[in-house]
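These values consider heavy atoms only, across backbone and side chains, with no hydrogens, waters or symmetry-generated copies.
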Amino acid sequence: MTTGIHLPWRAVVWALACTLLLPLTSGTVIGTERGALAPAAAMANRGDPLASARWGEMQRQFIGNAPFVFDPQVKVSAPELAENPLQVPISVDASALAGVEEVIVFADFNPIVEILRFYPEAVPASLGFRIKLQQSTPVRAAARTRDGVWHVGGSWVNTAGGGCTTPSLGSGSPLWQAQLNQVAARQWSTGPNAGRLRLKIVHPMDTGLVAGIPAFFLEEITLRDAAGQRLLRVQPAEPVAENPVFTLGGLGHGAVEASGRDNNGNQFSTRIAP
């Protein structure tokens, strides 16, 4: 007499196969350490909630071997249909996470995929801006917390495209050199927008993808409070829209110093009072 239950070998193989094919959930941290179930690069496309064919490449380029998780706490707000691919409004909010040190924003199917990076030091991890899109694509934000884990969120944006290969209006204007890096800003100290700041910088933000027009873009913006403490650093890339506008919150009630430079070494500096 035998004890126990013997399953046919085909049933055993099928059960093992189904177990290995279980999908990843948005709360699973994916790593590449030895002994993990599978490398992150091999599992990335399967776990991507936006089902992008390029997610594996994006993971390798921006996250590498670091652990990451698809996290709904990282919110990327964007229009489902962007009628103007030269000025697509994007809002990234990772303020629900504790200890965010860096946020990278990128678009899977743009010819220049990196849009910008920002480093929230004394303000919430939240930033609004406008971008150029060449075609319909996921727009994502990856937020790195102090423990080294990247938290990834995003949304699909549909557009007719062409935003990255259309000449800027500034590059064709004879007045752009006189107005270059002029700053207009507003800071709210009372009412429902208290602590909010909006900063606009005159700049063509040329991508370098238009024949005869080289890449020309802002590459560093720093905000400090009146005491000189750094609040936020932003590193824009070519896909940020012309004459970029940045919106952030969580500021105090004092003046803010804004400074920056572009990739040709042109600098600006201004003081913004509430």
Side-chain angles (χ1 to χ4, degrees), residues 44-45 47-63 70-72 74-94 103-118 126-143 151-173 176 198-219 221 234-248 263:
N45 287 340
D48 178 18
L50 299 181
S52 168
R54 293 203 67 196
W55 165 246
E57 298 174 54
M58 299 300 98
Q59 182 260 317
R60 289 190 292 273
Q61 179 173 344
F62 295 107
I63 297 174
F70 295 112
D71 194 335
V74 179
K75 302 183 186 302
V76 178
S77 300
E80 183 177 351
L81 176 63
E83 296 182 358
N84 183 358
L86 293 166
Q87 295 280 343
V88 181
I90 301 292
S91 177
V92 173
D93 187 356
V103 179
I104 307 175
V105 182
F106 52 96
D108 293 20
F109 294 109
N110 247 16
I112 303 172
V113 294
E114 183 171 332
I115 295 169
L116 59 75
R117 300 178 184 232
F118 68 94
S126 178
L127 189 67
F129 46 93
R130 292 176 179 266
I131 67 173
K132 300 186 283 280
L133 290 180
Q134 187 66 12
Q135 63 183 42
S136 298
T137 179
V139 177
R140 305 185 194 257
H151 302 255
V152 183
S155 62
W156 267 94
V157 180
N158 296 295
T159 182
C164 294
T165 52
T166 300
S168 65
L169 296 176
S171 63
S173 169
W176 73 266
R198 181 175 295 149
L199 179 73
K200 179 181 179 180
I201 306 162
V202 176
H203 203 284
M205 299 297 292
D206 290 308
T207 62
L209 300 178
V210 179
I213 303 176
F216 184 40
F217 58 96
L218 291 164
E219 63 178 10
I221 301 167
V234 183
Q235 294 177 338
E238 297 94 323
V240 171
E242 180 179 5
N243 299 328
V245 177
F246 300 98
T247 304
L248 65 151
N263 66 321

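Thr159 places a side-chain N or O within donor-acceptor distance of the main-chain N or O of Ala82, the cut-off being under 3.5 Å. A donor-acceptor pair is defined here as one N or O able to donate and one able to accept, closer than 3.5 Å; no such pair exists between the side chain of Asp108 and the backbone of Ser52. With hydrogens and angles disregarded, a donor-acceptor distance shorter than 3.5 Å links the side chain of Ser155 to the backbone of Val76. A distance-only check finds no donor-acceptor pair linking the side chain of Trp156 to the backbone of Ser136 [under 3.5 Å]. Side chain of Lys132 to main chain of Leu86: no donor-acceptor pair is present (N/O by atom type, distance under 3.5 Å, no hydrogens or angles).
Under the 4.5 Å side-chain criterion, counting only non-hydrogen atoms from C-beta, Phe106 is not in contact with Pro138. Taking the side chain as every heavy atom from C-beta outward, Val152 and Met58 never approach each other to under 4.5 Å. When side chains are defined from C-beta on, Ile131 does not count as touching Val105, because their heavy atoms never get closer than 4.5 Å.
Minimum interatomic distance between Arg198 and Val245 (heavy atoms only, all atoms of both residues): CG-CG1, 3.6 Å. Of all heavy-atom pairs between Val157 and Ala78, the closest is CG2-CB, 3.6 Å. Nearest heavy atoms, Ser168 versus Glu242: CB-OE1, 3.4 Å. When all heavy atoms are compared, the tightest approach of Ala107 to Thr137 is C-OG1, 3.7 Å. The minimum heavy-atom distance between Pro214 and Gly212, with the atom names listed, is CD-O, 3.8 Å. Across all their heavy atoms, Asn110 and Arg54 have their closest contact at O-NH1, 4.4 Å.
Residues passing the salt bridge (Lys or Arg N to Asp or Glu O under 4.0 Å) test with Glu114 are Arg117, sequence neighbours excluded. Under the side chain to side chain contact (heavy atoms under 4.5 Å, CB included) criterion, Ala237 pairs with Pro239, sequence neighbours left out. Scanning for salt bridge (Lys or Arg N to Asp or Glu O under 4.0 Å) contacts around Asp93 gives an empty result, with sequence neighbours left out. By the salt bridge (Lys or Arg N to Asp or Glu O under 4.0 Å) test, Arg130 pairs with no residue at all, sequence neighbours left out. Under the side chain to side chain contact (heavy atoms under 4.5 Å, CB included) criterion, Pro111 pairs with Gln134, Cys164, Leu209, sequence neighbours left out.
Using bins of under 30°, 30° to 60° and over 60° for the plane-to-plane angle, the ring pair His203/Phe216 lands in the tilted bin.
The CG atom of Asn243 sits 8.0 Å away from the CG atom of Leu169 when rounded to the nearest 0.5 Å. One finds the CD1 atom of Ile112 at 8.0 Å from the CZ atom of Phe217 (value rounded to the nearest 0.5 Å). Taken from CD1 in Ile90 to CD1 in Ile115, the straight-line distance is 6.5 Å, to the nearest 0.5 Å. For the atom pair Phe70 CZ and Asp48 CG, the distance stands at 4.5 Å (nearest 0.5 Å). The CZ atom of Phe129 sits 7.0 Å away from atom CZ of Phe118, with the distance rounded to the nearest 0.5 Å. Note that CG of Asn158 is 10.0 Å distant from CG of Leu133, once rounded to the nearest 0.5 Å.
Residue pairs meeting the salt bridge (charged side-chain N to carboxylate O under 4.0 Å, His left out) criterion with at least one partner in residues 77-87, sequence neighbours excluded, are absent.
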Val103 vs Leu127, side chain to side chain contact (heavy atoms under 4.5 Å, CB included): CA-CA, chis, key distance, verdict: CA-CA 10 Å; Val103 179; Leu127 189 67; over 6 Å; no
